[in-house]
Amino acid sequence: MEGWLERQSLFNLALAKDLPLLRIENVSVREVEADTYEVEVAWKNEGKLPTALEQAKLVKIVQEDRVQLRFDSELTRGYEEAKVQIVSPEVMDKTIYAGYTDAGERKTVRFRVRLQGVSGAEATVRLLSTRGGQVEQKVKIGR
């Protein structure tokens with residue numbers, strides 16, 4: 001039993017080194033019109049495996065990689081009266097679904113944010129992946 005445990009442990013450690021590993025490479029903010037900003041998020045899978053294997057996709061046990069831009073709830077409360085509005089994406093949960101990230105692949109997504117009555121706001125970029133983990137980074141939007 002001891003020999004089997006040793007081999008199994010070594011196999012699991014080797015596999016862990018190859019798992020998907022998402023890293024946010026860059027978050028940039030630029031003003032595109034008065035009080036409206038584009039937030040671009042770029043990341044890379046530095047692991048040796050994709051964030052989803054084909055079989056996992058077929059049996060639907062993994063979600064797409066997704067990116068969220070989170071603000072303090074006080075800033076986003078009130079829909080059209082909100083001090084911070086995520087204009088794009090237009091989906092209800094304001095999440096960008098980015099498919100799956102292959103080993104070594106780089107991806108980029110963009111949010112569009114409008115500020116009303118505030119000159120700036122801090123946000124948290126969240127990159128979420130079923131197999132690639134969760135990565136967060138703070139970003140300042142506006143002045």
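These numbers come from a predicted model, not from an experiment.
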(message) Run the side-chain hydrogen bond (donor to acceptor under 3.5 Å, both in side chains) test against Gln63 and tell me which residues pass, sequence neighbours left out.
(response) Arg66
(message) Using modelled atom types and a 3.5 Å cut-off, is there a donor and acceptor pairing between side-chain atoms of Lys107 and backbone atoms of Ala42?
(response) no
(request) Taking Thr36 for its side chain and Val32 for its backbone only, find out whether a donor-acceptor pair lies under 3.5 Å. (result) no
(request) Kindly compute the distance separating CD (Glu136) from CZ (Arg126), expressed to the nearest 0.5 Å. (result) 5.0 Å
(message) Quick one: does any side-chain atom of Glu40 pair with a main-chain N or O of Thr108 as donor and acceptor, under 3.5 Å?
(response) no
(request) Please list, chain by chain and in numerical order, all residues satisfying side-chain hydrogen bond (donor to acceptor under 3.5 Å, both in side chains) with Glu6, sequence neighbours excluded. (result) none
(request) To the nearest 0.5 angstrom, please state how far the OG1 atom of Thr130 sits from the CG atom of Asp65. (result) 7.5 Å
(message) Applying salt bridge (charged side-chain N to carboxylate O under 4.0 Å, His left out), can you list everything that pairs with Arg70, at least two apart in sequence or on another chain?
(response) none
(request) Answer yes or no: are there more than 12 heavy-atom neighbours, outside Glu90 itself, under 6.0 Å from its atom CD? (result) no
(request) List for me each residue that meets salt bridge (charged side-chain N to carboxylate O under 4.0 Å, His left out) alongside Lys140, sequence neighbours excluded, and say none if there are none. (result) none
(message) Tell me every residue that passes salt bridge (charged side-chain N to carboxylate O under 4.0 Å, His left out) with Arg114, counting only those two or more places apart in sequence or in another chain.
(response) none
(message) Using the rule that Ile, Leu, Val, Met, Phe, Trp and Tyr join whenever any side-chain heavy atoms are under 4.5 Å apart, tell me whether Val41 and Val87 fall into a single cluster.
(response) no
(message) Any non-hydrogen side-chain atom of Val39 less than 4.5 Å from a side-chain atom of Arg110?
(response) no
(request) Search all heavy atoms of Thr95 against all heavy atoms of Pro89 and return the closest pair with its distance. (result) O-CG, 3.9 Å
(message) I'd like to know whether Gln68 forms a side chain to side chain contact (heavy atoms under 4.5 Å, CB included) with Leu128, so could you lay out the CA-CA distance, the side-chain angles of the two residues, the decisive distance to 0.1 Å, and finally the verdict.
(response) CA-CA 8 Å; Gln68 300 172 332; Leu128 305 150; 3.5 Å; yes
(message) Minimum heavy-atom separation for Glu31 and Asp35, please, with both atom names.
(response) OE2-N, 3.1 Å
(request) Looking only at non-hydrogen atoms, find the nearest pair between Ala52 and Val62 and report the distance. (result) CB-CG2, 3.5 Å
(request) Looking only at non-hydrogen atoms, find the nearest pair between Ile141 and Val113 and report the distance. (result) CD1-CG2, 4.4 Å
(message) What's the separation between atom CZ in Arg131 and atom OH in Tyr100, rounded to the nearest 0.5 Å?
(response) 10.5 Å
(message) Using side-chain heavy atoms (C-beta onward) and a distance below 4.5 Å, is Glu2 in contact with Leu5?
(response) no
(message) Distance check, rounded to the nearest 0.5 Å: Ile24 atom CD1 versus Lys44 atom NZ?
(response) 15.0 Å
(request) Could you tell me which non-hydrogen atom of Ile86 sits nearest to which non-hydrogen atom of Phe111, and how far apart they are? (result) CG2-CD2, 4.2 Å
(message) Taking Gly99's backbone N and O only, do any of them form a donor-acceptor pair with Glu64's side chain (distance below 3.5 Å, no angle check)?
(response) yes
(request) Find the distance between NZ (Lys48) and CG (Leu21) and round it off to the nearest 0.5 Å. (result) 11.5 Å
(message) Under a 3.5 Å distance rule, please check whether Glu105 uses its side chain to pair with a backbone N or O of Asp102 as donor and acceptor.
(response) yes
(request) Tell me who clusters with Leu19, hydrophobic residues only, linked when side chains sit under 4.5 Å apart either directly or through other members. (result) Phe11, Leu15, Leu49
(message) For Ala103 versus Gly47, what's the shortest heavy-atom pair and its separation?
(response) CB-O, 3.5 Å
(request) Could you tell me whether a side-chain N or O of Thr51 sits under 3.5 Å from a main-chain N or O of Thr101, the two making a donor and an acceptor? (result) yes
(message) Quick check for you: to the nearest 0.5 Å, what is the distance between Glu46 atom CD and Leu22 atom CG?
(response) 9.0 Å
(message) Whether Glu25 and Arg106 form a salt bridge (side-chain N of Lys/Arg under 4.0 Å from carboxylate O of Asp/Glu) is what I want to check.
(response) yes
